[in-house]
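Read the numbers this way: they start at 1 and go in the same order the structure lists the ligands and their atoms.
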Amino acid sequence: QLEVDLEKSEKKYHAIFSNIPNPVFVLDIQTLTILDCNMSAESVYGFTTGDLIDSPFLNLFRKEEKNIYAARLKTDTIINQAKHLTKTGKELYVNIRVSLSEYSEQEVLLVTTSDITKRLEAEQQLIQASKMATLGEMATGVAHELNQPLSVIKTASSFLVKKIDSKQSIQEDILTTMLTKVDKNVDRAAKIINHMRQFARKTDKAMEKISINDVLVNAFEIFSQQLKVRGIAVVKNMSRTLPKIHADPDRLEQVIINLLLNARDAIEEKLTAPGKAGHEERITLRTYTDGGRVVAEVCDTGIGIPKHVADKIFEPFFTTKEVGKGTGLGLSISYGIVKDCGGTIKALPNKDQGTCFIMSFPVPQ
Ligand SMILES: Nc1ncnc2c1ncn2[C@@H]1O[C@H](COP(=O)(O)OP(=O)(O)O)[C@@H](O)[C@H]1O
Ligand SMILES: [Mg+2]
């Protein structure tokens with residue numbers, strides 16, 4: 001009877017093991033050879049269980065990463081976003097869970113993997129869509145940025161054409177000045193276009209150690225002309241001794257662009273509001289360290305955020321702007337990006353007028 005019971009129970013557990021929707025592997029703790037695996041390992045990886053059993057688990061990893069993962073499998077309990085290969089050579093992203101267990105009276109590693117490729121692709125699409133939303137909001141501003149160098153080029157070339165048409169001689173120094181201006185402004189326009197292209201480009205999420213000052217300066221680049229045209233002064237007050245933070249520079253730039261767009265709009269709105277004479281239009285970019293964290297502020301002297309609105313601004317689609325002007329996505333996107341970097345973002349009233357957006361990031365050890 002005992003034997004029958006035991007067999008029954010074994011059958012039961014084997015059925016559970018086989019039907020778990022995620023691949024499960026039993027590995028030899030020393031050699032990492034696959035001692036057993038379940039049915040979903042077949043459907044996910046395309047190998048038969050016969051192929052898999054007695055083969056090295058590390059064969060599922062890319063050649064150049066085998067050594068890294070051999071070590072991690074023995075020490076880590078969770079390995080996220082590892083690349084695995086299927087039988088046909090297709091790459092999968094998997095999260096791996098490792099636990100110590102006993103199997104046929106032998107110490108083994110019990111490894112489960114979950115295929116997160118689809119999820120990562122969906123995330124990627126979401127990131128791309130959010131970039132496009134930001135790009136859309138930037139479009140009118142960029143027209144200003146490009147108009148400025150174009151009008152310099154137009155002025156210089158018209159001047160030269162007029163001189164030539166009326167058969168007047170052109171002094172060499174004037175010619176040099178004009179052509180240098182044209183040359184410089186073509187470079188400036190090309191730089192803006194390249195920057196936009198780079199911004200719109202599809203990229204994998206790439207966390208790096210970066211300087212937040214560089215990101216601020218880069219993002220501000222695309223705004224310099226339109227702010228000047230609108231008479232908005234920009235004050236930079238950035239610490240030169242900041243530690244680097246862990247973030248994706250492209251996505252963090254998207255945050256700063258969103259904050260600058262909002263600051264610009266808030267200042268413009270204040271200008272059109274009645275009875276605001278003698279008001280100063282200013283955006284301040286400030287970075288400093290505080291309690292071991294890196295802090296970046298984007299402050300404006302704009303219209304400010306009314307109290308009853310303050311706790312809604314980070315919600316998706318919340319906007320107080322007219323149709324066509326605001327999407328209500330800027331801050332919710334920014335919130336997500338900052339959170340992904342382990343940081344925080346909040347809005348506070350600026351000292352005398354306007355708003356301060358304050359971001360704080362941990363410093364990686
Ligand atoms: N710097 C700011 N000054 C005043 N209000 C702001 C500022 N930034 C954001 N807001 C408020 O938060 C709302 C949401 O901002 P956001 O998510 O960027 O969407 P959008 O700019 O498209 O309206 C804005 O409509 C505005 O009411
Ligand atoms: Mg916005």
Hydrophobic cluster identity match, Leu175 and Phe159, side-chain contacts under 4.5 Å: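 They do share one cluster, since a chain of ILVMFWY contacts under 4.5 Å joins Leu175 to Phe159.
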Verify same cluster id: Val108, Leu52 (apolar side-chain graph, 4.5 Å): no
Proximity of Thr355 to ligand 1 by residue part, where a heavy atom lies under 4.0 Å: side chain
Within less than 2.8 Å of the Mg ion (ligand 2): protein N, O or S atom count: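 Every protein N, O or S atom under 2.8 Å from the Mg ion (ligand 2) counted, the figure is 1.
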Check against ring pair (Phe, Tyr, Trp, His ring centres under 6.0 Å), Phe61 and Phe57: CA-CA 8 Å; Phe61 292 87; Phe57 182 66; 5.7 Å; yes
Selection from Thr320, Leu260, Leu329 by shortest heavy-atom distance to atom 26 (C) of ligand 1: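 Selected option, by shortest heavy-atom distance: Thr320.
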Any Phe357 heavy atom less than 4.0 Å to ligand 1: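 Yes.
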Gly302 to ligand 1, any heavy atom closer than 4.0 Å: no
Any N or O of Asp265 closer than 3.5 Å to N or O of ligand 1: no
Any N/O pair Leu331/ligand 1 closer than 3.5 Å: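 Leu331 vs ligand 1: N/O contact under 3.5 Å present.
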Thr327 to Gly330 - nearest heavy-atom pair and separation: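 Scanning both residues completely, I find the closest heavy atoms to be OG1-N, 4.2 Å.
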Partner residues of Glu42 under the salt bridge (Lys or Arg N to Asp or Glu O under 4.0 Å) criterion, sequence neighbours left out: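 Scan of Glu42 (salt bridge (Lys or Arg N to Asp or Glu O under 4.0 Å), adjacent residues dropped) gives none.
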Note: Arg62-Glu65 ion pair, threshold 4.0 Å (strictly below):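 Judged by the 4.0 Å cut-off on N to carboxylate O distance, Arg62 and Glu65 do form a salt bridge.
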By side chain to side chain contact (heavy atoms under 4.5 Å, CB included) - contacts of Lys209 (at least two apart):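 Lys209: side chain to side chain contact (heavy atoms under 4.5 Å, CB included) contacts with Lys244, His246, Pro364.
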With Asp36 via side chain to side chain contact (heavy atoms under 4.5 Å, CB included) - residues at least two apart: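 Side chain to side chain contact (heavy atoms under 4.5 Å, CB included) list for Asp36, sorted by chain: His14, Phe17, Val26, Ile53, Tyr103.
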